Participant: 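I'd like to ask you about the structure that follows.
Small disclaimer: the values here were computed from a predicted structure and weren't measured.
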Amino acid sequence: MFKIVYYLLDKGQATAPELAARFEVSVRTIYRDIDALSSAGIPVYAEAGRKGGIRLLEDFVLDQAVLSEGEKQEILAALQSVNITRNISESQTLQKLSAMFQLPPENWLEVDFSRWGNQGYDKEKFGLLKTAVIHRRHVRICYAGSDGTVRERTVQPYKLIYRSKAWYLRAFCTKKQDMRTFKLNRILELTLLEEHFLRRSFPETPDVGETDDPMIMLRFPKEMAYRVYDEFDTDQIERQENGDLIACARMPESAWLTGFLLSFGTQVEILSPAYLRERIAEQARKIYEKNKT
């Protein structure tokens, strides 16, 4: 019956057969529900005739006093914009809320974090992990580690995190008996298990800048500005008089950092720390030896 009210608020009016088809019940059930709604004080009525139908009084609104106009717009915009699992419209959440708020859901932005050419599996993966987090269910994953190995693990998902243009899963690894962070793109296979788990309290992971990661100082020519501003925050970048860009940021010492710096080719100069310069130079030498003709 609430679905009927939401639908009428959104559409204005509807015929009994239309409502019956919409909610997969009989026309008789619809008329019985309309009578029950009317008895409960909802101003719903039916008009006969070719242009008739079931409708609500024009000035009828549900109690909305809890939310301000700005908060209603924020809720609708958030639901409209985040288009990851594509299940928002299927659940009719937008339709119900926009009808209740008497505000149209503005389709001004779409956010889709799936990779180009791989939307299906990325969205399915995200949806399964969201279910696992909310309902506290174990998940079995095949994960490609930074050391080149692919291992099967059973984890207890706690949180999905979006940081630095990538999605991560914060989960308790049953094998390591500790919290771990997994990059979603490296989860090659995923199975949602029936087994549930009890959440435990774990300290939050430290934010960038609050860790023991070393401070890296890099110099880029002005031609690399497009890439530098992609990878670093503006407060981490200082433009020099000749147009060069100096970027300073704390970064984890890992295989990822080596690959990240090598991805700039000859367009980056490592100013500090000195040992990192030597490491990257050695890796570049190995690349040259391996690929020279």
Side-chain angles (χ1 to χ4, degrees), residues 71 73-91 93-94 97 105-146 153 155-173 178-192 197 199-211 213 216 226-237 247 249-252 254-257 259-260 263:
E71 289 169 335
Q73 289 285 9
E74 288 177 5
I75 291 172
L76 292 176
L79 290 175
Q80 185 72 46
S81 64
V82 180
N83 186 23
I84 301 170
T85 57
R86 295 190 185 276
N87 65 354
I88 291 175
S89 59
E90 294 172 8
S91 69
T93 306
L94 273 173
L97 288 178
E106 299 294 342
N107 190 10
W108 62 277
L109 175 68
E110 179 175 317
V111 180
D112 190 339
F113 296 112
S114 58
R115 290 167 290 180
W116 290 106
N118 192 29
Q119 293 185 359
Y121 184 59
D122 280 352
K123 292 180 184 297
E124 179 185 358
K125 185 193 305 181
F126 191 96
L128 289 173
L129 289 173
K130 182 183 71 172
T131 298
V133 171
I134 293 174
H135 298 286
R136 302 178 183 180
R137 289 171 60 178
H138 283 76
V139 170
R140 184 169 58 245
I141 64 174
C142 285
Y143 189 71
S146 58
R153 308 187 187 194
V155 300
Q156 301 171 352
Y158 275 59
K159 183 187 297 184
L160 285 162
I161 303 168
Y162 184 75
R163 174 170 292 177
S164 188
K165 297 182 289 187
W167 278 103
Y168 297 87
L169 172 68
R170 185 71 174 158
F172 181 81
C173 178
D178 197 8
M179 292 296 289
R180 292 288 190 270
T181 301
F182 304 94
K183 192 171 185 178
L184 259 61
N185 287 349
R186 295 185 190 171
I187 298 178
L188 308 181
E189 296 178 14
L190 184 152
T191 304
L192 184 62
F197 65 90
R199 288 180 65 94
R200 288 167 281 187
S201 296
F202 292 95
E204 291 290 333
T205 54
D207 292 331
V208 175
E210 298 179 359
T211 70
D213 293 336
I216 311 297
Y226 74 96
R227 175 85 187 276
V228 174
Y229 286 109
D230 274 350
E231 303 289 354
F232 300 93
D233 292 334
T234 53
D235 59 359
Q236 297 174 322
I237 304 169
R250 293 192 180 276
M251 297 183 177
S254 63
W256 169 85
L257 178 58
F260 173 74
S263 70

Participant: Say you draw a straight line from CE of Met179 to CD of Gln156; how long is it, rounded to the nearest 0.5 Å?
Facilitator: 9.0 Å
Participant: Between atom CD of Glu189 and atom NZ of Lys125, what is the distance when rounded to the nearest 0.5 Å?
Facilitator: 10.5 Å
Participant: Looking only at non-hydrogen atoms, find the nearest pair between Val139 and Pro157 and report the distance.
Facilitator: CG2-CG, 3.7 Å
Participant: How close do Leu169 and Leu184 get, counting heavy atoms only, and between which atoms?
Facilitator: N-CD1, 3.5 Å
Participant: With a 4.5 Å cut-off on side-chain heavy atoms, are Arg140 and Arg153 touching?
Facilitator: no
Participant: What is the ring orientation for His138 with Phe197, classed by angle as parallel under 30°, tilted 30 to 60°, or perpendicular over 60°?
Facilitator: perpendicular
Participant: Are the side chain of Tyr143 and the backbone of Lys183 linked by a donor-acceptor contact shorter than 3.5 Å?
Facilitator: yes
Participant: Please name the pair of heavy atoms, one in Phe172 and one in Asp178, separated by the smallest distance, quoted to 0.1 Å.
Facilitator: CE1-N, 3.4 Å
Participant: Main chain of Lys159, side chain of Arg170: is a donor-acceptor contact present, judged purely on distance under 3.5 Å?
Facilitator: no
Participant: I need the Tyr229 OH to Gln236 CD distance, nearest 0.5 Å.
Facilitator: 12.0 Å
Participant: Could you report the tightest heavy-atom contact between Tyr158 and Val133, atom names first, then the distance?
Facilitator: O-CG1, 3.4 Å
Participant: Shortest non-hydrogen contact from Val155 to Cys173?
Facilitator: CG1-CA, 4.2 Å
Participant: Look up atom OH in Tyr168 and atom CG in Leu160, then write down how far apart they are to the nearest 0.5 Å.
Facilitator: 13.0 Å
Participant: Taking atom CZ of Arg137 and atom CG of Leu128, what is their separation to the nearest 0.5 Å?
Facilitator: 9.0 Å
